Amino acid sequence: MAPPQKSDEEVAAEFTSYYLQRATKEFAEDLDKVRAADDFKNDALQMLVSALQQGTVLFSPEEQRRIVMASNHPAPKF
Amino acid sequence: MGKRSSRGPDGTIAPRKRQKVVHEAPTSEEIHASRQLQQLLSFSQDPVRARHGLQSFKLFLDELLSLDSNDADRFKILRGYLEAAKPAEDDENPVYLPDIMQTWSYGGQTNNDNIMSAVPVLLALLLKLLSQSLDTVQYGLGICRTLLQKRQQELIARNLAADKGKAFIISPTLRMLREAVSFDGGAIARPLFRARASMLKSLARNMGIVHVGDEAEDTKRPSTRTNAVLFFLSALRFLHPEAKKELLSQRDIVAALTRDVKQDPPYLVRELLAGLRSHVLLDDKLPREAKAGLLNASTLTRLSALYQYRLDTPAEDDPSIADIAHEFLMTACTNPSCGVLRQDSGFYPREIDPNAPIPNAQLDDLGLEAIVWMDKFKNEVPVRNYTLSNFVLNLRPWSSIKQAELLTSIFRAAPEIVAHYFLNNKSFTFEPKLSATWIGYAAFLFNTVTLPIPDHFCRSSSFPELPPPTSIVIDNILPPPLNQKALSRSLANKSNMISFFATRILVLAIEKLDAAIKMHRDPSHSNKTIWAEAARRLVDEFCQRSPGIKDMINAYRSIPEGDVLQREAASRLLRLCYEVLPQVALMAKFDVSLFLETSLSRLSKQEVDDPRDTALSLKELENLLAIAGYSPGMRWFAASETLTLSPFTLLLKVCVDTPHGVTLETIRQVLNFVAVEQQLVPADEKHPGLLALLEALQALRHSAPDSVALVWPFLDNCVTRCANAPVKYVEKIQEVISEAGLSEGSVSPIAMAMLEQLPFVAAKEGEQATLRALSRFLPDFLGFSAIAGETRPLLDLLFSKMLTHLADSKGKLAKAGVPEGLQFQHNPWPLVPEAKAGEAKHPVASQEKGKSELIMDAETLENALHTADGLEADNSALVKWSTKTADELVDEGYLTSLIALLVSEHTSIRKEALVSILKAAAKIKQSEYDEKEQVWLLLSELAETARDQIIDGPLPSPLASFACHALHILRDPLSNLYPKVNTFLTRGPFWNLDRLPLVDEILSEEPVVGDTFYAQTNWLLGYLIDGLRTPRDLELFHKKRAKGPVFERILALAANPYMRLPLQTQVLRLLYRATCIEGGSTTLTTRFGILNWLEARQASCTDNNEAALYGGLRRRVWETCDQGRVKNWSKGGLGD
């Protein structure tokens, strides 16, 4: 049975979470350095997360759906 | 005489000393009856007795006001007293509570601070109590009116103006006024405001008397400032708009209102923001100017200090003060009715008129230079939003998300501020540094670049006559901190995150640039030339700010292999460069095949755990495929040193191995396109192309996953051979057709290649496993080919030939034959009717319907194919060149302008141009210019060629155009055409007037430098387009020559399936040029059958836009030709 269609909001939320997860993985080392920087205080963490995730706007809703839906189709088992 | 006052005027008797203020607590007694109250409050000159009465009454009221006591008896006592203290009804000047008022007055006369304080305390409480019940409102109103009488007004004014230290007098008075102004829904607010000279006395000063002390202000003992602000807010609430306007125009009060807001207690700040929001910002009746009076730049700045408000401890669900202030500022700054935001005109600064009439002749002569303000705003931009533009400079968008949001919202509401902001805020740079501040700044810049371009660059419903200043457009696309140096350093930074941030910003910027260019090229412009020039200038400016393509390529190269997020972004950036800035992108020697191979090998290894990573990698692959499409010379069928398979086969492998559900439409389309172009599969629209092969491979992967891996080398060998020698296999097909005794039939050339190569696999030692895999795969492939519409008897014959080499000892395969009734399960074939009826999702589906009906309208066609005259005469060139240096002559276009004059209609100008060219040649030869010899040679040969010719008429345009274009080649010894142009120049002292230089050399000879055939062809077409201007030029194009007329060769060139759209379009531009010349269309039709050629090209298009382009050009040819002659010529075949 086909999985139920996700709404655009769900797709966007899921994509954002994937994007952040991917970014934290790829920039783990850099993020540690930023956290150790002198000016990392108050809103900085929030700012950092927001800065990372703003890149999601570069992906159209269709592209986001395409990437998010990939996880619903794991490689077939034989 | 009474007792000498301690503050006597003489002050000589005793040295003046600060008197210690001693607040002796007054005595009091409990009240049991109205009569008792009357007696207690009756006027007395004894201050002790007076205070005793007042204090007793105060305590009595306190108790009544306390929540838990609702004592009817006490209330009765109060009413009794009020009734007794009521003035007579016929009294002209009725005074309520006359005793208390008299006591107050007496207190004033005797400077008794305690009484001066006690009376307002009492009245404030009383009014508060009386406002709670409808029955008692009349008494309250009476008291309020009494307060408005002259004597009381003076007392109030005196109280309000008391010494700063006497908060115990000022505060209760303010409380009393607050109760009065809001009493009975503001019933006396209007007369109270009329008496503002007294009532608002020292309000600004009192707003400045703040709470002093280390501990926070006690809510039960509010400071004078708190009381003053609360009184002001109540007044705002109940005053009518006119009065409010007057109140808000009191600059000292407005300034004092927010001066100390940062130190105010949280509840006051909340009340202040809520009050100002409801009764100023959102009050529709209050005129904008009145609101603007309050919301000036300093008020906004002070309110923005609340972003850092520290005294707040909100409950969990309550918004913080920073949130409320943010909400307030967002409304104030972005809602035009709030009085701050003023209507701007987008990218056009204040003071200029973008519709000012400029004579066409002036625009034609001077271009953008005719617009005096075009370059005026590089350092300063006048704005209409003066308040906002000053306010935003105080924000710190890099350290606070909310401030960044506010700033970008302001930018969105008033785009004129963007350029102004960055020009006036130069202190901050984008110099990369791995810190929170840099990231905050990058995020803010990202948001700024994301902002859309205003419609029509301004607020009107159509484009103005003149384009906006380029500097302002570019500042909105790449704000000044994003300069070439900072961006290049960011891209090259060793921190991947910094490089990633810069990449993302650049992606956005190029997308925005693309949008801006499209707006510049909008067909509705009345002055297209000037807009086109502005667009070119915009691109130039962008290229000066953006890092070079090499930096982008290096950044992409340095990304670790597994970091798909970064790889996707970097490949997208490169793709955009190819799409939007091809002139820049093609300058770099970027071999996309290497990257494509890396990406393919990673994908084909299937090492990633998360399918979403695969999907992201596929995005990267798509980007690379698009780049491959734009870059000529992509080798699809050549395996490299690092890869065992060719890119084509690898791409096929990616399609087969990718998990089900991941959309691969783009990749499938590319594969199919290449397969059809390379003749691996029949180029029949009814044939699914490569899908049969893909389906067979996917079926095999399902049924026997291990076998697929064995098939790839065999398949790669077959596709490579087939692609390298397609004719050979087409001939083999003919042989098989005859062998089967058929007159015609269809089968894929790739199947023939498989048949040819199978014996070699069978003959090899140790290939049993491969043969077993092929025994599973080949029957299915042939079966799917049959479903795809290929001729079954032929496929049966092929299969029987294959059988001899396959592992079929038991004859099972032979018995089964080519399977029937297979169904496509992984690929959309045959197309289901619903899919056809709906949106065409499959590329084949979109080709079917009415392609010949696709015709682009004349205007769009002109936009797509019209090119400006590259040899347009500019007679001023004759004067301008003489003062320029050799470098300037060559590099800044003075020479090309001179050369262009050789095609002038006027003999005298041509002659003068010739003399000037000779002089310029001599000047260059004597200069230090690097390429002086070659340039001199070119100019001298040109002069020699033109010398006799120009007496009779203009020089043929192609020669002048060639000279101009060749000059650009000579400037750059690294150009791939450098050897050819030099060889041409050294061949002889003058050029043949009947020949078009370098056509043969480029079209028929080896390109000499690497794989640059298409680049050279592009150059050739460029000069030919510029060189086709007159009927005489046209003759040179259709004149018979040894290798055929030039037009014929160009049309043959366009039939080259590997030629990409940009080059195809150049050919169409040349044709379009010809249709603009008298007799051009007729010649094209009768000599070269152009109408049929265009029709055939249109039919083979896979893209509807492209088909429409061909259709549009076809219509233009027909409309511009001599239709009668063409009908005769075609014997009626055309034109019906």
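Within every chain, numbering begins at 1; the chains are lettered A, B, ... in the order of the sequence lines, protein sequences first and strands thereafter. No experiment lies behind these values; they were computed from the predicted model shown.
Rounding to the nearest 0.5 Å places NZ of K619(B) at 10.0 Å from CG of L58(A). For the atom pair Q46(A) CD and K402(B) NZ, the distance stands at 6.5 Å (nearest 0.5 Å). In this structure, NZ in K33(A) is found 6.5 Å from CG in L434(B), a value given to the nearest 0.5 Å. Separation of atoms CG (N496(B)) and CD (E29(A)) is listed at 8.5 Å; rounding is to 0.5 Å. Distance CG/D563(B) to CZ/R22(A): 6.5 Å, rounded to 0.5 Å.
Here side chain to side chain donor-acceptor pair (under 3.5 Å) pairs that include residues 500-513 of chain B, with residues two or more places apart or in two chains, are Y19(A)-R504(B).
A 4.5 Å side-chain heavy-atom check between Q54(A) and N447(B) finds at least one atom pair inside the cut-off. Side-chain contact between I439(B) and F40(A): absent, with no pair of heavy atoms (C-beta onward) separated by less than 4.5 Å. Using a 4.5 Å heavy-atom threshold, the side chains of D613(B) and Y18(A) count as touching.
Chosen from F444(B), W438(B), F501(B), W398(B), the residue pairing most often with chain A at heavy-atom distances under 4.5 Å is F501(B).
Of all heavy-atom pairs spanning D610(B) and Q21(A), the tightest one is OD2-NE2, 4.3 Å. Residues D39(A) and A436(B) share a closest heavy-atom pair of OD1-N, 3.1 Å.
For Y556(B), the ring pair (Phe, Tyr, Trp, His ring centres under 6.0 Å) test picks out F595(B), with sequence neighbours left out. When the salt bridge (charged side-chain N to carboxylate O under 4.0 Å, His left out) test is applied to R412(B), no partner is found at least two apart in sequence or on another chain.
With a 4.5 angstrom heavy-atom cutoff, Q64(A) does not touch chain B via any of its atoms. For chain B, the nearby parts of L52(A) are the backbone and the side chain; heavy atoms of each come within less than 4.5 Å. Using a 4.5 Å cut-off between heavy atoms, E63(A) contacts chain B through its side chain alone, with no backbone atom that close. Interface remark: A51(A) contributes backbone and side-chain atoms alike to the contact with chain B (heavy atom separation under 4.5 Å). At a 4.5 Å heavy-atom cutoff, the contact between F27(A) and chain B is made by side-chain atoms alone. Residue contact with chain A, scored on non-hydrogen atoms closer than 4.5 Å, involves the backbone and the side chain of S435(B) alike. If you measure heavy-atom distances from A36(A) to chain B, you find no contacts under 4.5 Å at all.
Residues of residues 567-575 of chain B that come closer than 4.5 Å to chain A, counting heavy atoms only, are E568(B), R572(B), ordered by residue number.
The environment of CG in D32(A) is crowded: more than 12 heavy-atom neighbours from other residues, nucleotides or ligands sit within 6.0 Å.
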